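Throughout, numbering of the chain's residues begins at 1 and tracks the sequence. Since the model is a prediction, treat every value here as computed from it, not as a measurement.
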Amino acid sequence: MDYKNITVAGSGVLGSQIAFQTAFKGFDVTVYDINDEAIAKSQERMMKLKDNYMKDLQASQADVDAAYGRLTFQTDLAEAAAQADLVIEAIPEVVAIKTEFYQKLGEVAPDHTVFVTNSSTLLPSQFAEATGRPEKFLALHFANTIWINNTAEVMKHPGTDMKVFDDVIGFAKAIGMVALPLYKEQPGYILNSLLVPFLEAAELLLVKEVADVQTVDKTWMIGTGAPLGPFAILDVVGIRTAHNIVQAKAAATGREDFVKLAEMLQTEYLDKGKIGRESGEGFYKYPNPAFADPDFLKN
Ligand code: NAD
């Protein structure tokens, strides 16, 4: 099926980006959020996105104005869903909020409407029943700064209809994404299934005092030809996020190395305002980090 009318529910950081990208690619998009204040914030975000698209993608003023013109804003869920072929959910990462949302949406959306969740850490099977249409529900997961980092992980739960899965893959491509199908549910999708253990392994080498930051990164960069080592990547992700992940693991497992690592990230980095690239310092200092020095990969 060709989706024509798209509704994006939740117009925060990701929802605004998804809505603008979808409109930029020619679809009519209804943006739904809970109140006028949230909608006003989203409209501000859209203005910034227009600038980003012109700067980063060399889009013309006419292109971004046309994209904005294809957006409609709505605070009534039944109105927002009435014409939708596809509803993309990007509301807070809170199970109770999402469950209630899907129950309400399932009641007001037309029977043919497909629902997808952009959730980063929750699995679609957790909400499949609440939607009232498990076969027309799956995950469509975007990355932040969608117009540049254009991945779309498309993930089934066991009850998703294969035809719906294929249609959503087609839609992801139609809005300029590289579609990455996942045939089974996987916490963390593909990227974080690879990245989280990789970054943890690097952090454990540091906390166990096996090797220092720059040696670990140098090893990875020379050994694999990668442009960034794990600590440079951690600076991009942000040390706050890394700390949250490590702390959760420490709490869940009680493992001493993770407890020590969480403490180290807190006292040596976060408490000192070293949050990563966004604060100008993390494992490296920006804008001229040591790993970008041409001599970094030499002895
Ligand atoms: P956000 O906090 O920026 O935005 C959430 C929006 O949802 C807000 O505008 C809020 O008003 C609205 N909202 C709250 N309750 C609602 C409801 N019941 N119905 C409709 N809208 C409601 O959050 P975000 O960072 O955009 O994340 C949204 C989702 O996208 C989460 O599931 C998150 O895991 C996922 N995600 C986020 C990122 C990221 O980098 N921020 C990346 C990939 C996926």
Side-chain angles (χ1 to χ4, degrees), residues 13-14 56 93 119-122 141-153 155 178 180 182 185-299:
V13 175
L14 255 283
D56 298 335
E93 194 74 342
S119 173
S120 294
T121 61
L122 305 168
H141 181 241
F142 297 93
N144 199 0
T145 58
I146 175 175
W147 65 98
I148 300 167
N149 301 104
N150 64 331
T151 55
E153 292 175 295
M155 184 168 79
V178 175
L180 306 164
L182 280 82
E185 282 196 323
Q186 169 69 27
Y189 299 86
I190 297 171
L191 182 60
N192 283 334
S193 295
L194 297 168
L195 196 56
V196 172
F198 168 65
L199 297 178
E200 268 175 19
E203 292 168 282
L204 290 175
L205 290 172
L206 181 66
V207 79
K208 289 184 193 161
E209 298 175 21
V210 174
D212 61 40
V213 166
Q214 298 201 3
T215 305
V216 172
D217 276 9
K218 226 185 259 187
T219 309
W220 184 255
M221 290 164 76
I222 298 173
T224 68
L228 296 179
F231 289 103
I233 296 174
L234 277 163
D235 278 349
V236 176
V237 170
I239 296 174
R240 212 178 269 131
T241 301
H243 178 259
N244 288 340
I245 295 171
V246 169
Q247 206 175 29
K249 192 133 182 190
T253 63
R255 265 175 59 176
E256 212 174 299
D257 48 0
F258 279 100
V259 172
K260 206 168 154 201
L261 176 56
E263 270 170 24
M264 184 196 79
L265 293 176
Q266 184 66 50
T267 54
E268 302 285 312
Y269 295 91
L270 298 181
D271 288 352
K272 294 181 179 166
K274 298 181 187 177
I275 287 162
R277 230 172 230 249
E278 66 163 303
S279 73
E281 187 169 0
F283 292 105
Y284 294 92
K285 268 194 186 158
Y286 299 87
N288 299 309
F291 65 80
D293 189 307
D295 288 338
F296 185 69
L297 299 183
K298 295 182 185 154
N299 267 315

Visitor: Give a yes or no on whether the backbone of T215 and the side-chain of D212 come within a donor-acceptor separation of less than 3.5 Å.
Guide: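 Yes, D212 side chain to T215 backbone: donor-acceptor pair under 3.5 Å.
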Visitor: What's the spacing between E263 CD and D271 CG if we round to 0.5 Å?
Guide: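 With rounding to 0.5 Å, CD (E263) is 11.0 Å from CG (D271).
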Visitor: Applying side-chain hydrogen bond (donor to acceptor under 3.5 Å, both in side chains) to T145 and N149, what does each step give before you reach the verdict?
Guide: CA-CA 6 Å; T145 58; N149 301 104; 2.5 Å; yes
Visitor: Counting C-beta onward and ignoring hydrogens, is there a side-chain heavy-atom pair between I275 and I239 closer than 4.5 Å?
Guide: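 I275 vs I239: side chains apart.
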Visitor: Under 3.5 Å, side chain of E278 to main-chain N/O of G238, donor-acceptor pair present?
Guide: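 Side chain of E278 to backbone of G238, a donor-acceptor pair under 3.5 Å: no, none is there.
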Visitor: Is there side-chain contact between Q247 and Q266, with at least one heavy-atom pair below 4.5 Å?
Guide: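 No, their side chains stay 4.5 Å or more apart.
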Visitor: Look up atom CZ in R240 and atom OG in S279, then write down how far apart they are to the nearest 0.5 Å.
Guide: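 R240 CZ to S279 OG: 8.5 Å, rounded to 0.5 Å.
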Visitor: So, does D257 use its side chain to make a donor-acceptor pair with the main chain of V207 at under 3.5 Å?
Guide: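 Flag not set: sc D257 to bb V207 has no pair under 3.5 Å.
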Visitor: Can you tell me how far the CG atom of D235 sits from the OH atom of Y286, to the nearest 0.5 Å?
Guide: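 Going from CG on D235 over to OH on Y286, the span is 3.0 Å.
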Visitor: Of all the heavy-atom pairs spanning F291 and A232, show the shortest one and how long it is.
Guide: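 Heavy atoms only, the tightest pair is CE2-CB, 3.5 Å.
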Visitor: Is there side-chain contact between R255 and L204, with at least one heavy-atom pair below 4.5 Å?
Guide: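 Yes, side chains in contact.
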Visitor: Could you check if a side-chain atom of M221 sits within less than 4.5 angstrom of a side-chain atom of K218, using non-hydrogen atoms only?
Guide: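 Side chain of M221 against side chain of K218, heavy atoms only: no contact under 4.5 Å found.
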Visitor: Hey, could you give me the OG/CD distance between S119 and E93, rounded to the nearest 0.5 Å?
Guide: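 If I round to the nearest 0.5 Å, the distance is 3.5 Å.
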Visitor: If we check ring pair (Phe, Tyr, Trp, His ring centres under 6.0 Å) with Y269, which of these qualifies: Y284, F231, F283?
Guide: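 For Y269, the ring pair (Phe, Tyr, Trp, His ring centres under 6.0 Å) check succeeds only for F283.
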Visitor: State the CG-CG distance between L234 and L228, to the nearest 0.5 angstrom.
Guide: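 The CG atom of L228 is 11.0 Å from CG of L234, to the nearest 0.5 Å.
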Visitor: Below 4.5 Å, heavy atoms only, C-beta onward: do M264 and L261 meet side chain to side chain?
Guide: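 M264 reaches L261 side chain to side chain.
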Visitor: With side chains defined as the heavy atoms from C-beta onward, is the minimum distance between T151 and L191 less than 4.5 Å?
Guide: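 No, their side chains stay 4.5 Å or more apart.
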Visitor: For a 4.5 angstrom cut-off between non-hydrogen side-chain atoms, does L206 reach V216?
Guide: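 No, too far: nothing below the 4.5 Å cut-off.
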Visitor: Please round to the nearest 0.5 Å and tell me the distance separating atom NZ of K260 and atom NZ of K208.
Guide: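 Answer rounded to 0.5 Å: 10.0 Å.
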Visitor: Looking only at heavy atoms, what is the nearest atom pair of Y189 and S120, with distance?
Guide: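 Closest approach of Y189 to S120, heavy atoms only: CE1-O, 3.6 Å.
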Visitor: Measuring only between side-chain heavy atoms, which start at C-beta, is H141 closer than 4.5 Å to L182?
Guide: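 No, their side chains stay 4.5 Å or more apart.
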Visitor: Restricting to non-hydrogen atoms, name the atom on K249 and the atom on E200 that form the minimum distance, rounded to 0.1 Å.
Guide: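 Looks like NZ-OE1, 3.1 Å.
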